[in-house]
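Keep in mind that the numbers below use all heavy atoms, side chains included, and drop hydrogens, waters and symmetry copies. The structure presented is a predicted model; accordingly, all values stated were derived computationally and were not measured. In what follows, every chain begins at residue 1, and chains take the letters A, B, ... in the order their sequences are listed.
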There are 2 protein chains.
Amino acid sequence: MSSAEQRAPLNRDAVVNAGIRLADSHGVDALTMRNLADGLGFKVMALYNHVANKQQLLGLMLDVVAEEIDDPPDDMAPLAAIRSLAISMRTTLTEHPWVPDLWLQHMPGPARTANMERLLRLFDESGLSPVLAHHGFHAVTNHVIGYTIQDVGMTAMATSADPDDPMALAYEFLANTPAEVYPHTVAHLHQHLNEDVPSSYELVLDFILDGLVRLNTSTT
Amino acid sequence: MSSAEQRAPLNRDAVVNAGIRLADSHGVDALTMRNLADGLGFKVMALYNHVANKQQLLGLMLDVVAEEIDDPPDDMAPLAAIRSLAISMRTTLTEHPWVPDLWLQHMPGPARTANMERLLRLFDESGLSPVLAHHGFHAVTNHVIGYTIQDVGMTAMATSADPDDPMALAYEFLANTPAEVYPHTVAHLHQHLNEDVPSSYELVLDFILDGLVRLNTSTT
DNA sequence: CTTGACGACGTACGTTGTACGTCTCAATAT
DNA sequence: ATATTGAGACGTACAACGTACGTCGTCAAG
């Protein structure tokens, strides 16, 4: 009986994937080494045979997520492909709300480096001047991360304040900020609560891309 | 002797300001309650007579930083004032590298709410349509936070890897990413290390503002 | 002179990451 | 067949953290 119950030994991929699932489902705060080990049916110290420490584990998790980002088709025009890639990145990052924060605090692994390479190559092929291509890379990267981090951070705050009713936080904020003192802020928040405004993600992305092209053609 | 050494009692402002100084000088990781108490010449639990918990302390610290943001002059044209405010925000946030991350994870206090109000009012007075003003607010906020968080995160990573030589991290990264596989990434990094490219912060900010104005006039 | 409030602090607890050493077992070498 | 080795799971233990609780001294109001 005892020999029949041999589990398969742990391995790095299993640990990393379990980490991603745990962070996705219960938030990054629930990702403790003990918790993770429990979920896998092992004890804490078993994990350390497969990852050096938590920091490394997080880095590996990030790189797995980076692999999930869809590539634009090869035959797409560079600027359209940039646009498409930016949207894919946002999609993937939004599916793993714990990622955007950590993204900026870890060195890129192979998959994320490949992702940067792709975006940089597209800019190189876009016809923009080298300096504008350089700035474009940063502008788009910043746009993707910034917008996503903000979205995700907001909803994380709301659900951590009251998991049952994410709206509760907004109403509590409204109760504490008088409309006579902060009329525009209150109005803005109401726009979010009542009418639902579409995301300006793609709109602003296009402002950036159009701005790059426009400046490029006007100085060439 | 003992009665002559009476210290002034602690108060909330002292705690909050000491927290800011500590986070500024030694990083947010060094901001532990014990550390903070030590710096003030008190013991840990004394702090809890003045702040409810660490979370609240961080929130108070953030709002003090929000107060530091310079307002644009009242007579400045709305769009110019928005631009000016965005630059002031970046300046202040950069002076407190621990802020951008936390900024998105805490509800705004009074000062930050006032800051939002200001930006929203400027957009309201800008002549943009209400929906574009709404999007403009998010676009600019995102730009400010995103760009700053990225700057600050990078340098934080570099200095935490090797406080003596922040460049070391870049060279280590280069050593691990072959130029044959990642030519554009390597070239991009070299642009940062050799030529020093000016920040694209204002350039992209203008892309956004110009994009808003252009779209507004073309659909009005 | 008493009383009551307030602020500082000692003690203690639960939670976290992880260093270190031990034990088991299968694969390999003799 | 026996001895050796190495990998992997795990128990124990520790330091650092946030913070709950209770105690004590001091000072102002009754």
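In this structure, the separation between OG1 on B/Thr185 and CG on A/Asn115 is 9.0 Å, given to the nearest 0.5 Å. The CG atom of A/Leu169 sits 9.0 Å away from atom CG of A/Asp162, with the distance rounded to the nearest 0.5 Å.
Between B/Leu47 atom CG and C/dA8 atom P there is a gap of 9 Å when expressed in whole angstrom units. For the pair A/Leu36 CG and C/dT18 C1', the interatomic distance rounds to 14 Å; values are reported in whole Å. To the nearest angstrom, C1' of D/dG11 lies 9 Å from NZ of A/Lys43. Here the P atom of nucleotide C/dG7 and the CZ atom of B/Phe42 are 12 Å apart, to the nearest Å. In this structure, B/Asn49 places its CG atom 14 Å from C1' of D/dG25, rounding to the nearest Å. Rounded to an integer number of Å, the gap from A/Asn11 CG to D/dA7 C1' is 14 Å.
Classified by interplanar angle (parallel below 30°, tilted 30° to 60°, perpendicular above 60°), the ring pair A/His143/A/Tyr147 is tilted. Taking the six-membered ring where the residue is Trp, B/His188 and A/His134 present parallel rings, their angle staying beneath 30° rather than reaching 60°.
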Pair A/Glu202-A/Arg83, salt bridge (charged side-chain N to carboxylate O under 4.0 Å, His left out): steps then yes or no: CA-CA 8 Å; A/Glu202 299 188 27; A/Arg83 195 177 187 282; 3.1 Å; yes

Pairs: protein N or O with nucleotides 17-19 of chain D N or O, under 3.5 Å:
| unit_1 | atom_1 | unit_2 | atom_2 | d |
| --- | --- | --- | --- | --- |
| D/dG18 | OP1 | B/Lys54 | NZ | 2.5 |
| D/dG18 | OP2 | B/Met33 | N | 2.9 |
| D/dG18 | N7 | B/Arg34 | NH2 | 2.6 |
| D/dG18 | O6 | B/Arg34 | NH2 | 2.8 |
| D/dT19 | OP2 | B/Tyr48 | OH | 3.0 |
| D/dT19 | OP2 | B/Lys54 | N | 2.9 |

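Distances shorter than 4.0 Å separate none of the side-chain N or O atoms of B/His50 from OP1 or OP2 on C/dC6.
Taking the salt bridge (Lys or Arg N to Asp or Glu O under 4.0 Å) definition, one finds that A/Arg121 meets it with A/Glu125, sequence neighbours left out.
Listed in residue order, the members of residues 13-28 of chain B having a heavy atom less than 4.0 Å from DNA chain D come to none.
In this structure, A/Arg90 is positioned above the aromatic face of A/Tyr201, its NZ or CZ under 6.0 Å from the six-membered ring centre and within 45° of the axis.
Between B/Glu195 and B/His190, every side-chain heavy-atom pair lies at or beyond the 4.5 Å cut-off.
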